[in-house]
Number of protein chains: 2
Amino acid sequence: MELPSIDIEKAATILKLLGDKTRLTMIKMLDSHDYCVCEFVEIFKVSQPAISQHVRKLKDAGLVGETRRGQWIIYSLNKKSDVFPLVQNLMNHLPNQDFKLQELEAQGLRISCD
Amino acid sequence: MELPSIDIEKAATILKLLGDKTRLTMIKMLDSHDYCVCEFVEIFKVSQPAISQHVRKLKDAGLVGETRRGQWIIYSLNKKSDVFPLVQNLMNHLPNQDFKLQELEAQGLRISCD
DNA sequence: ATATTATATAAGCAAATGGTTATATGTTAA
DNA sequence: TTAACATATAACCATTTGCTTATATAATAT
């Protein structure tokens with residue numbers, strides 16, 4: 001089966017974007033659940049602007065989408081992206097990060113939206 | 001089928017390494033053929049030290065191996081690397097780069113070792 | 001031995017990266 | 001309308017990156 005090819009320059013851009021522990025973890029997490037900025041802030045122990053800057057890069061590259069839900073902005077994987085097959089493939093090599101969600105819940109920090 | 005998981009920190013390191021157009025192209029090229037430094041220099045139009053620095057990073061990460069053959073040092077993909085399955089998987093999404101080899105040959109710049 | 005060729009290493013530099021604090025924007029609640 | 005909360009943007013800074021030139025090391029050829 002033939003996989004659609006991704007321009008090597010574009011691929012390098014995506015890999016550079018994912019070549020950061022925080023962003024790579026975010027994407028892996030988003031593979032299971034959607035998250036809002038404030039949840040990421042709790043999880044990654046960095047400032048809120050730092051998180052906003054990371055998700056912005058992911059959004060600019062088309063890897064994630066955002067939806068406002070009340071005062072929160074929920075980020076989710078963009079499965080329509082033309083590089084999604086590549087990303088998905090990558091994710092298969094990474095360990096599940098659901099334990100982070102459980103930690104959030106244990107601390108009562110999971111925001112309450114469906 | 002279960003894929004062996006790669007520590008997310010290690011994966012980020014590898015992706016950052018491959019998140020560079022030159023190195024990503026090198027790895028894709030090495031997926032088909034071995035190359036020496038001087039060939040890479042011709043292909044990438046950067047200085048010889050720049051190429052040496054790139055291959056060194058790939059070597060330090062265990063992605064490639066080197067063999068001296070006379071005055072040349074031949075670089076090849078290290079298929080024994082524990083991240084090779086990930087890399088291999090990535091490569092499947094990239095366009096073949098054999099035309100670069102053909103360009104080399106057309107210019108008579110392919111070095112003569114088997 | 002000496003010159004030539006191939007590669008590696010060192011040092012320096014401009015640009016990019018990822019964080020911070022301060023501040024602006026937008027939504028909700030009182 | 002005002003306060004509180006969630007997020008984004010701006011400005012700044014230290015570190016990293018990827019190149020360059022200059023030089024060192026190693027093998028080959030004369």
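Residue numbers begin at 1 in each chain, while the letters A, B, ... track the order of the sequences. For the numbers below, each heavy atom of this structure counts, side chains included, while hydrogens, waters and symmetry mates do not.
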#### Entry: Separation of D:dT28 P from B:R69 CZ (nearest whole Å)
13 Å
### Atom pair CD1 (A:I43) and CD (A:Q97), whose distance is rounded to the nearest 0.5 Å
9.5 Å
### Message
What I want to find out is whether B:K57 reaches B:D20 closely enough, with some N-O distance under 4.0 Å, to be called a salt bridge.
### Response
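No salt bridge links B:K57 with B:D20.
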### Task
For DNA chain D, find the residues of residues 15-33 of chain B with a heavy-atom distance under 4.0 Å and give them by number; none if there aren't any.
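Under 4.0 Å from DNA chain D: B:K16, B:D20, B:R23.
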### Task
Output every pair passing ring pair (Phe, Tyr, Trp, His ring centres under 6.0 Å) with a member in residues 9-40 of chain A, not counting sequence neighbours, ordered by first then second residue.
A:Y35-A:F40, A:F40-A:F44
## Note on the structure
Shortest non-hydrogen pair, A:L77 vs A:D31, comes out as CD1-OD1, 3.6 Å
### Task
Over all heavy atoms of both residues, which pair between A:V55 and A:V64 is shortest? Give the atoms and the distance, please.
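Smallest heavy-atom distance, with atoms named: O-CG2, 4.2 Å.
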Any [X] side-chain N or O less than 4.0 Å from OP1/OP2 of [N]:
| X | N | value |
| --- | --- | --- |
| A:H54 | C:dG19 | yes |
| A:S47 | C:dG19 | no |
| B:K57 | D:dT17 | no |

### Query
Which nucleotides of nucleotides 5-10 of chain C have their base under 4.0 Å from a protein heavy atom (B), which only their sugar-phosphate (S), and which neither (-), written as one string 5' to 3'?
BSBBBB
### Message
Is it the case that the side chain of B:D34 and the backbone of B:S76 share a donor-acceptor pair, with hydrogens and angles ignored and the cut-off at 3.5 Å?
### Response
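The answer is no, because no donor-acceptor pair under 3.5 Å joins these two groups.
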### Message
When you group the ILVMFWY residues by side-chain heavy-atom contacts below 4.5 Å and let the links chain together, are A:I8 and A:F84 in the same group?
### Response
yes
### Candidates A:E9, A:K10, A:K16 - the one meeting side chain to side chain contact (heavy atoms under 4.5 Å, CB included) with B:K21
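The residue from A:E9, A:K10, A:K16 that satisfies side chain to side chain contact (heavy atoms under 4.5 Å, CB included) with B:K21 turns out to be A:E9.
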